[in-house]
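Residue numbering restarts at 1 for every chain, and letters A, B, ... go by the order of the sequence lines. Not measured: the values here are computed from a predicted model.
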2 protein chains.
Amino acid sequence: MDNLWEPIQPPGSLAGRIAERIEELITAEQLRPGDRLPPERELATMLGVSRPSLREAIRSLSARGRLAVRHGQGVFVEEPATTKRLTHSLTSYEHDLDELFAMREVLEVPAAGWAAKNRTDVGIEWLQDAYDKLIEATRDPVDWDEVQRLDAAFHEAVVRVAGNRFLMRTLGVLNEIMVTGMETTLRLPGRLEKSAGEHTRILEAIKAGDSRAARSAARAHIRGAYAAARRHMDSPVAAEAGEM
Amino acid sequence: MDNLWEPIQPPGSLAGRIAERIEELITAEQLRPGDRLPPERELATMLGVSRPSLREAIRSLSARGRLAVRHGQGVFVEEPATTKRLTHSLTSYEHDLDELFAMREVLEVPAAGWAAKNRTDVGIEWLQDAYDKLIEATRDPVDWDEVQRLDAAFHEAVVRVAGNRFLMRTLGVLNEIMVTGMETTLRLPGRLEKSAGEHTRILEAIKAGDSRAARSAARAHIRGAYAAARRHMDSPVAAEAGEM
DNA sequence: TCCGGCCAACTGGTCTGGCCAGTCTACCTT
DNA sequence: AAGGTAGACTGGCCAGACCAGTTGGCCGGA
């Protein structure tokens with residue numbers, strides 16, 4: 001037993017611990033979106049900390065979109081909706097969108113081509129399986145989170161069949177960024193059906209071993225998704241009517 | 001005219017503006033990952049603000065993962081999360097030459113193409129600079145480590161001019177793997193001269209804005225290096241006398 | 001000579017207390 | 001009754017002090 005000497009002081013910076021505490025209250029729904037926190041001075045005494053420390057905590061939370069500070073009015077709990085869209089602007093997302101999709105095209109097009117060349121029986125099995133599950137999930141009622149997950153899984157299957165581990169990992173990271181950083185474009189009207197058709201073309205081309213067709217199908221797919229995402233960014237209002 | 005009394009103070013909170021300023025420096029690469037910022041007290045006086053305000057700005061940036069604060073040491077610029085994840089996922093397994101070069105081709109060919117399209121005066125300056133230094137270093141006596149470093153620097157310049165940050169980070173990681181994982185193929189007889197010629201073609205194509213030529217030059221370059229590496233693997237005895 | 005401990009000079013972490021600046025409301029003046 | 005205004009909230013910002021980890025050099029003893 002070498003844990004004899006526990007640290008006396010709780011770990012982490014004070015402001016960090018305060019931020020955690022507040023965030024807990026929010027996730028535990030003790031504090032709901034729109035609620036106003038007690039005034040800084042009051043809250044500071046309640047927590048037994050100084051105002052600067054509390055303010056640092058509030059800053060870090062508002063930077064992550066959990067709180068909104070309004071001069072002269074108070075500190076409020078943010079809507080999760082704005083949280084997600086905040087991450088867009090916070091990570092200078094509009095600007096990144098082009099780069100992100102350009103990168104996806106660069107990677108996914110050769111991936112589809114290689115997959116058509118290097119396909120194996122088990123590989124095709126993976127693909128078919130991922131494809132079937134995705135199609136299945138698009139039946140009413142649609143669970144969008146699940147669809148997004150399965151869509152990513154299908155793409156991952158393509159890259160897996162392509163047989164380049166660098167490619168697989170890189171696209172994995174890219175996909176993760178897309179999933180956490182933005183909502184799926186699949187729920188835009190018509191996009192889901194269009195996407196399904198594109199997936200079919202990709203799958204068929206790979207099964208047929210037609211590398212050229214696979215590449216062009218993948219390219220069309222990415223560009224379709226890109227165009228949808230662009231339209232979505234231009235008028236995000238409709239999306240906010242949803243639940244988010 | 002009722003705009004007679006313009007606000008003296010710029011809009012937004014002070015801490016917010018400070019955070020933006022620092023973030024600008026980071027994205028403009030005036031501050032690079034790993035760099036240490038000046039001490040809080042110093043930086044505060046330099047910016048003409050109080051330490052608490054500066055600290056709030058730092059908090060918000062560290063909450064978003066742009067800065068890392070280490071007690072007793074200083075404030076440091078964080079590596080982008082994407083790079084971290086990429087590095088982690090790409091370096092954690094054994095590397096296959098075929099896959100590595102296939103990936104390089106997939107990435108560097110469009111990079112050269114984009115660089116030709118998006119070139120700017122400063123971009124060309126970077127390229128020319130990197131190119132000149134590389135040529136300079138190939139004069140006798142050749143410092144092979146230096147040549148390898150400058151070779152990587154030239155390629156990095158190409159990607160930088162291409163203007164896709166995801167691409168830059170991915171290739172950065174890939175390059176690192178190549179540098180640490182294998183010795184340069186440049187010291188193989190004749191390869192250095194051939195490589196120099198290929199670099200010239202890439203540089204000229206980008207300067208001319210000829211995207212197509214840039215792509216084919218880059219492709220030829222990667223394939224040349226790949227072929228050399230393959231020959232090298234087949235008869236590695238001579239090379240193993242080297243140091244790596 | 002070498003090693004250990006100590007100390008000083010960094011660094012960020014926290015606090016106190018004050019004043020400035022928006023926002024809202026209730027009250028007072030017109 | 002309508003308007004303006006003063007005050008009491010709210011957060012925003014600052015100065016200065018002291019606490020707390022980190023580091024490296026200095027000094028004394030082995």
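DNA chain C is contacted by B/Arg51, B/Arg55 of residues 45-57 of chain B, taking any non-hydrogen atom closer than 4.0 Å.
Evaluation of the salt bridge (charged side-chain N to carboxylate O under 4.0 Å, His left out) test over residues 44-58 of chain A, restricted to residues two or more places apart or in two chains, returns A/Glu40-A/Arg51, A/Glu40-A/Arg55, A/Arg55-B/Glu56, A/Glu56-B/Arg55, A/Glu56-B/Arg59.
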Report the C-alpha separation of B/Arg169 and B/Glu79 in whole Å, then their side-chain angles, then the decisive distance to 0.1 Å, and conclude whether the side chain to side chain contact (heavy atoms under 4.5 Å, CB included) test is met. CA-CA 10 Å; B/Arg169 285 169 200 164; B/Glu79 226 176 38; over 6 Å; no
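Following rounding to the nearest Å, A/Arg70 (CZ) and D/dG12 (C1') show an atom-to-atom distance of 16 Å. Rounded to a whole Å, the NE2 atom of A/His71 is 12 Å from the P atom of D/dT10. Atom P of nucleotide D/dA15 and atom CG of B/Leu14 are separated by 11 Å, given to the nearest angstrom. Across the protein-nucleic acid pair, A/Leu43 atom CG and D/dG12 atom P stand 14 Å apart, rounded to whole Å. Rounded to whole Å, atom P of D/dC13 lies 8 Å from atom CD1 of B/Ile18. The distance between atom CD1 of A/Ile58 and atom C1' of D/dC13, rounded to the nearest whole Å, is 15 Å. Between A/Glu40 atom CD and D/dG12 atom P there is a gap of 6 Å when expressed in whole angstrom units.
Partners of A/Tyr226 by ring-ring contact (aromatic ring centres under 6.0 Å, His included), not counting sequence neighbours, listed by chain and number: A/Phe101. In this view, B/Lys207 and B/Ile124, B/Gln128, B/Leu203, B/Glu204 satisfy the side-chain contact (heavy atoms from CB on, under 4.5 Å) rule, not counting sequence neighbours. Every residue meeting the salt bridge (Lys or Arg N to Asp or Glu O under 4.0 Å) condition with B/Asp129, not counting sequence neighbours, appears here in chain and number order: B/Lys133. The side-chain contact (heavy atoms from CB on, under 4.5 Å) check on B/Ser50 picks up B/Pro52, B/Ser53, with sequence neighbours excluded. Annotation: side-chain contact (heavy atoms from CB on, under 4.5 Å) contacts of B/Arg149 (sequence neighbours excluded): B/Glu146. A/Glu105 is linked by a side-chain contact (heavy atoms from CB on, under 4.5 Å) to A/Val109, A/Arg219, A/Ile222, A/Arg223, counting only residues two or more places apart in sequence or in another chain.
Residue contacts for B/Arg41: at a heavy-atom cut-off of 4.0 Å it reaches a base atom on one of the strands shown.
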N/O to N/O distances under 3.5 Å, protein versus nucleotides 8-10 of chain C:
none

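For the pair A/Glu29 and A/Arg32, the salt-bridge criterion is met [side-chain N within less than 4.0 Å of a carboxylate O].
Within the 4.0 Å cut-off from OP1 or OP2 of C/dG22, not a single side-chain nitrogen or oxygen of A/Gln73 is found.
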